[in-house]
Peer 1: 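For reference, the structure I am asking about is given below.
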Amino acid sequence: MGSLPDVSIAQKIPAESSHCFHLRTSRSIGSVPRLRAGGGRMGSEGKTAPKIVHGDSGYVLEDVPHLTDYLPNLPTYPNPLQDNPAYSVVKQYFVNNNDTVAQKIVVHMDSQRGIHFRRAGPRQRVYFESDEVTACIVTCGGLCPGLNTVIREIVCGLYDMYGVRNVLGIVGGYKGFYSCNTIDLAPKSVNDIHKRGGTILGSSRGGHDTEKIVDSIQDRGINQVYIIGGDGTQKGASVIFEEIQRRGLKVAVAGIPKTIDNDIAVIDKSFGFDTAVEEAQRAINAAHVEAESAENGIGVVKLMGRYSGFIAMYATLASRDVDCCLIPESPFHLEGKGRLLEFIEKRLKENGHMVIVVAEGAGQDLIAESMRSMNQQDASGNKLLLDVGLWLSQKIKDHFARSKKMPINLKYIDPTYMIRAVPSNASDNVYSTLLAHSAVHGAMAGYTGFTVGSVNGRHSYIPFHRITEKQNKVVITDRMWARLLSSTNQPSFLSQKDFDDSKKESEPSKQLLNENRKDVNSTANSSESKMNH
Ligand SMILES: Nc1ncnc2c1ncn2[C@@H]1O[C@H](COP(=O)(O)OP(=O)(O)OP(=O)(O)O)[C@@H](O)[C@H]1O
Ligand SMILES: O=P(O)(O)OC[C@H]1O[C@](O)(CO)[C@@H](O)[C@@H]1O
Ligand SMILES: [Mg+2]
């Protein structure tokens, strides 16, 4: 992509534009259209151009839209939190508008400052009066521990911190906007829901009809939309935001990232992930007990992870009973020297038993080769997977039956839905609470078109495009995967070609940042994901 001419503008943002930055703006990076801080104009494809603000020493702010980008002169009000006795003890409760959070915190002395996101939290002035707000909450995609906690805390946050009384629940995911009645949500009705798995609102895949959804938002007088869901959901939230902006509505759209697979880019990790990893231990323990108690016992455990093997990797690292972990990012082969079946034989000879953890998305190409071609999709367009657990178990059984080298005793455990249907654990409850509150603070402050997330432990407002442009994956040339290999002592199973391919994929210049962003990139680690370090 060619670079655009440098049109640096030395601009001072007026102090009363409270959400704007006092910075020199704005030279574009790469093909990103240039925008001044607080701009939020439409790009050539009718999409809002990213708000990029440049500062000194390579400082870049990837900012989020604000209602005043397309509705200038909106009135502001003092934040009601300033009179809340619970918060009066906090020394500096309101977030300074110039606070930003660095995406990369490992830097060299001569590093450029790199990409930053706007820090989340309550602002001194808000863009909604309490009795003016009609908020709605929707949950989309697969289940995840903590969904109910996020719902509860959005409702209670709006009520307790901002005095908002109108909160609607959209039933059954995106399609619920136009095909179901809403339910009223209040602190009393959501009081105990964080102790339950699932989502009290129901969820679904598919059914995203932008026009109908925004019509429904408009018809119901909704002016704050809280959208909880994974990468697909955030893409849906992004087009809802675009349409709302096109119609010039004073409606804030806030995304709260949800994914059991931990496949959402930029953020440290997604809520519910820790709970899922913890729950997976129960299945791994059972597999270990079964395997240990049998002659040449093999326990196979299948865990979730459609495109990303984080649950399998973390569950394996936590357990230490696992002999082999297979994930989508690391191709493996069955037959031949240094391949999986040979390794299983070796481990059984050494230890008399073994445990294999396989992520559901692993080995899909191999299965497709040996079964039928796989191009089926679910209602949201996600690839429908073939059951790698059953397939692998059968392949192992066939191999040992054929070779007659040793009798084996294989037990296959599939806790797939159990690990995501449980209520969230204590730490995920706290994390979900903070995410919900950050989303509420952001919407009240007039920010819109953002996903809230923890970046290096600090809650931040991240523009939708940064969340949706790529998925978070285990980088098998990073340290975390090396730790796993050294803990299981499994070979990498990679051919030289696999290894070269994955090295190429993990090169920072190939991930998100193009040539013209080298200045920003010089502080980047080899992977986008903190979970890899
Ligand atoms: N590109 C897109 N544009 C608009 N809507 C989308 C898009 N992709 C997905 N959606 C909608 O988002 C919702 C959820 O998507 P999906 O089923 O892929 O789950 P998800 O949010 O990615 O969660 P997870 O994969 O973690 O379960 C669906 O209603 C789907 O129609
Ligand atoms: O069966 P469902 O509800 O479509 O969900 C299964 C998928 O959802 C995920 O958990 C993502 O949320 C994937 O790991 C899995 O493939
Ligand atoms: Mg998804």
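Remember, it's 1-based here, ligands and their atoms both numbered in the order they're listed.
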Peer 1: Name the one of L317, I311, T316 that satisfies side-chain contact (heavy atoms from CB on, under 4.5 Å) with M313?
Peer 2: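 So the option named by the test is L317.
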Peer 1: Given D261, T233, I264, which one has a non-hydrogen atom that is nearest to atom 14 (C) of ligand 1?
Peer 2: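 Checking each option, the heavy atom nearest atom 14 (C) of ligand 1 is found in T233.
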Peer 1: For atom 4 (C) of ligand 1, what's the nearest protein heavy atom and its distance?
Peer 2: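 The answer is G236 CA, 3.5 Å.
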Peer 1: Counting only heavy atoms from other residues, nucleotides and ligands, does the tally under 6.0 Å from CG of N191 exceed 12?
Peer 2: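 Count over threshold, so yes.
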Peer 1: Looking only at protein heavy atoms, which one is nearest to atom 15 (O) of ligand 1, and what is the separation?
Peer 2: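 Looking only at protein heavy atoms, the one closest to atom 15 (O) of ligand 1 is S380 OG, 3.5 Å.
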Peer 1: Side chains of S270 and N262: do they bring a donor and an acceptor to under 3.5 Å?
Peer 2: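 Result is yes, a qualifying pair exists.
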Peer 1: Is it the case that ligand 1 has an N or O less than 3.5 angstrom from some N or O of G206?
Peer 2: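 Yes: some nitrogen or oxygen of G206 is under 3.5 Å from one in ligand 1.
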Peer 1: I'd like to know whether ligand 2 has D261 as a neighbour, heavy-atom separation below 4.0 Å.
Peer 2: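 Checking ligand 2 against D261, which is what was asked, there is a heavy-atom contact under 4.0 Å.
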Peer 1: I'd like to check whether V239 has a polar contact with ligand 1, where a contact means an N/O of the residue lying under 3.5 Å from an N/O of the ligand.
Peer 2: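 Min N/O separation from ligand 1 is not below 3.5 Å for V239.
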Peer 1: Please say whether G142 places an N or O atom under 3.5 Å from an N or O atom belonging to ligand 1.
Peer 2: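 Among all N and O atoms of G142, at least one is under 3.5 Å from an N or O of ligand 1.
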Peer 1: Would F177 and I217 count as a side chain to side chain contact (heavy atoms under 4.5 Å, CB included) if you check the C-alpha gap in whole Å, the side-chain angles of each, and the deciding distance to 0.1 Å?
Peer 2: CA-CA 8 Å; F177 271 104; I217 288 169; 3.7 Å; yes
Peer 1: For the salt bridge (Lys or Arg N to Asp or Glu O under 4.0 Å) test, which of D274, D263, D428 pairs with K269?
Peer 2: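 Result for salt bridge (Lys or Arg N to Asp or Glu O under 4.0 Å) with K269: D274.
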Peer 1: If hydrogens are left out, which of R420, R306, M304 has an atom nearest to atom 5 (O) of ligand 2, that is, the closest non-hydrogen atom?
Peer 2: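 Comparing heavy atoms across R420, R306, M304, the nearest one to atom 5 (O) of ligand 2 lies in R420.
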Peer 1: Do Q245 and T48 have side-chain atoms, one donor and one acceptor, less than 3.5 Å apart?
Peer 2: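 Their side chains do contain a donor-acceptor pair, which is all the 3.5 Å distance test asks for.
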Peer 1: Of all the heavy-atom pairs spanning V138 and C140, show the shortest one and how long it is.
Peer 2: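 Shortest heavy-atom separation between V138 and C140 comes out as CG2-SG, 4.0 Å.
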Peer 1: Could you pull out, from H208, R306, K258, Q234, the option with a heavy atom nearest to atom 23 (O) of ligand 1?
Peer 2: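 Nearest option to atom 23 (O) of ligand 1, by heavy atoms: K258.
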Peer 1: Which residue and atom name correspond to the protein heavy atom nearest atom 18 (O) of ligand 1, and how close is it?
Peer 2: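 The protein heavy atom lying closest is N382 ND2, 3.0 Å.
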Peer 1: Using a distance-only test with no angle check, is there a side-chain donor-acceptor pair under 3.5 angstrom linking S308 and D261?
Peer 2: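 The answer is no; no qualifying pair exists.
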Peer 1: Counting no waters, what protein N/O/S atoms lie under 2.8 Å from the Mg ion (ligand 3)?
Peer 2: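 Counting only protein N, O or S atoms under 2.8 Å from the Mg ion (ligand 3), the list reads D231 OD1.
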Peer 1: Distance check, rounded to the nearest 0.5 Å: L392 atom CG versus L334 atom CG?
Peer 2: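 Interatomic distance, L392 CG to L334 CG, rounded to 0.5 Å: 7.0 Å.
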Peer 1: Please confirm whether Y174 comes within less than 3.5 Å of ligand 1 when only nitrogen or oxygen atoms on both sides are compared.
Peer 2: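 Among all N and O atoms of Y174, none is under 3.5 Å from an N or O of ligand 1.
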Peer 1: Any idea which protein heavy atom is nearest atom 2 (C) of ligand 1, and the distance to it?
Peer 2: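 Scanning the protein heavy atoms, the shortest distance from atom 2 (C) of ligand 1 goes to K235 CB, 3.7 Å.
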Peer 1: May I ask you to list the atoms of ligand 2 that are less than 4.0 angstrom from any heavy atom of G305?
Peer 2: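 In order of numbering, the contacting atoms are 14 (O).
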Peer 1: Checking a contact table here: which protein heavy atom is nearest atom 1 (O) of ligand 2, and how many Å away?
Peer 2: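 Sorting protein heavy atoms by distance from atom 1 (O) of ligand 2 puts Y417 OH, 2.5 Å first.
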Peer 1: What is the nearest protein non-hydrogen atom to atom 25 (O) of ligand 1, stated with its residue, atom name and distance?
Peer 2: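 Scanning the protein heavy atoms, the shortest distance from atom 25 (O) of ligand 1 goes to R205 NH1, 3.8 Å.
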Peer 1: Quick test: of every protein heavy atom, which one is nearest to atom 6 (C) of ligand 1, and how far off is it to 0.1 Å?
Peer 2: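 Checking every protein heavy atom, the shortest distance to atom 6 (C) of ligand 1 gives G232 O, 3.5 Å.
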Peer 1: Check the side chains of R483 and S487 for a donor-acceptor pair under 3.5 angstrom, ignoring hydrogens and angles.
Peer 2: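 There is no such pair (donor and acceptor under 3.5 Å, judged by atom type) between the side chains of S487 and R483.
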Peer 1: Which of these passes side-chain contact (heavy atoms from CB on, under 4.5 Å) with I462: I264, I267, V64?
Peer 2: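 The passing option is I267.
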Peer 1: Does ligand 2 have an atom under 4.0 Å from some heavy atom of G141?
Peer 2: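 No, that is not the case, since the closest heavy atom of the residue is not under 4.0 Å from the ligand.
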Peer 1: Testing the 3.5 Å rule here: is there a donor-acceptor pair between the side chains of T199 and T139?
Peer 2: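 Yes, side-chain donor-acceptor contact under 3.5 Å.
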Peer 1: Verify the distance criterion only: is there a donor paired with an acceptor across the side chains of Y412 and D387 at less than 3.5 Å?
Peer 2: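 On atom types as modelled, these side chains qualify, holding a pair under 3.5 Å.
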Peer 1: Identify the heavy atoms of G206 and K175 that sit nearest to each other, and give their distance.
Peer 2: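 Between these two residues, the closest heavy atoms are O-CE, 4.3 Å.
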Peer 1: Before signing off on this row, confirm whether R205 and ligand 2 have an N or O atom pair separated by under 3.5 Å.
Peer 2: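 Yes - when backbone and side-chain N and O of R205 are compared with those of ligand 2, one distance drops under 3.5 Å.
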Peer 1: With under 30° as parallel and over 60° as perpendicular, where do the rings of Y447 and Y461 fit, or are they tilted in between?
Peer 2: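 Judged by the thresholds at 30° and 60°, the geometry between Y447 and Y461 is tilted.
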Peer 1: Is it true that R247 and E243 make a salt bridge, defined as a side-chain N closer than 4.0 Å to a carboxylate O?
Peer 2: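 Counted as a salt bridge, because a side-chain N and a carboxylate O are separated by less than 4.0 Å.
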Peer 1: Is there a polar contact, in the sense of an N or O pair closer than 3.5 Å, between G229 and ligand 1?
Peer 2: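 Between G229 and ligand 1 (N or O atoms, distance only) the closest approach is not under 3.5 Å.
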Peer 1: N/O to N/O below 3.5 Å, does that happen between D231 and ligand 1?
Peer 2: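 Between D231 and ligand 1 (N or O atoms, distance only) the closest approach is under 3.5 Å.
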Peer 1: Which protein heavy atom lies closest to atom 15 (C) of ligand 2, and at what distance to 0.1 Å?
Peer 2: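 Answer, as residue, atom name and distance: E360 OE2, 3.1 Å.
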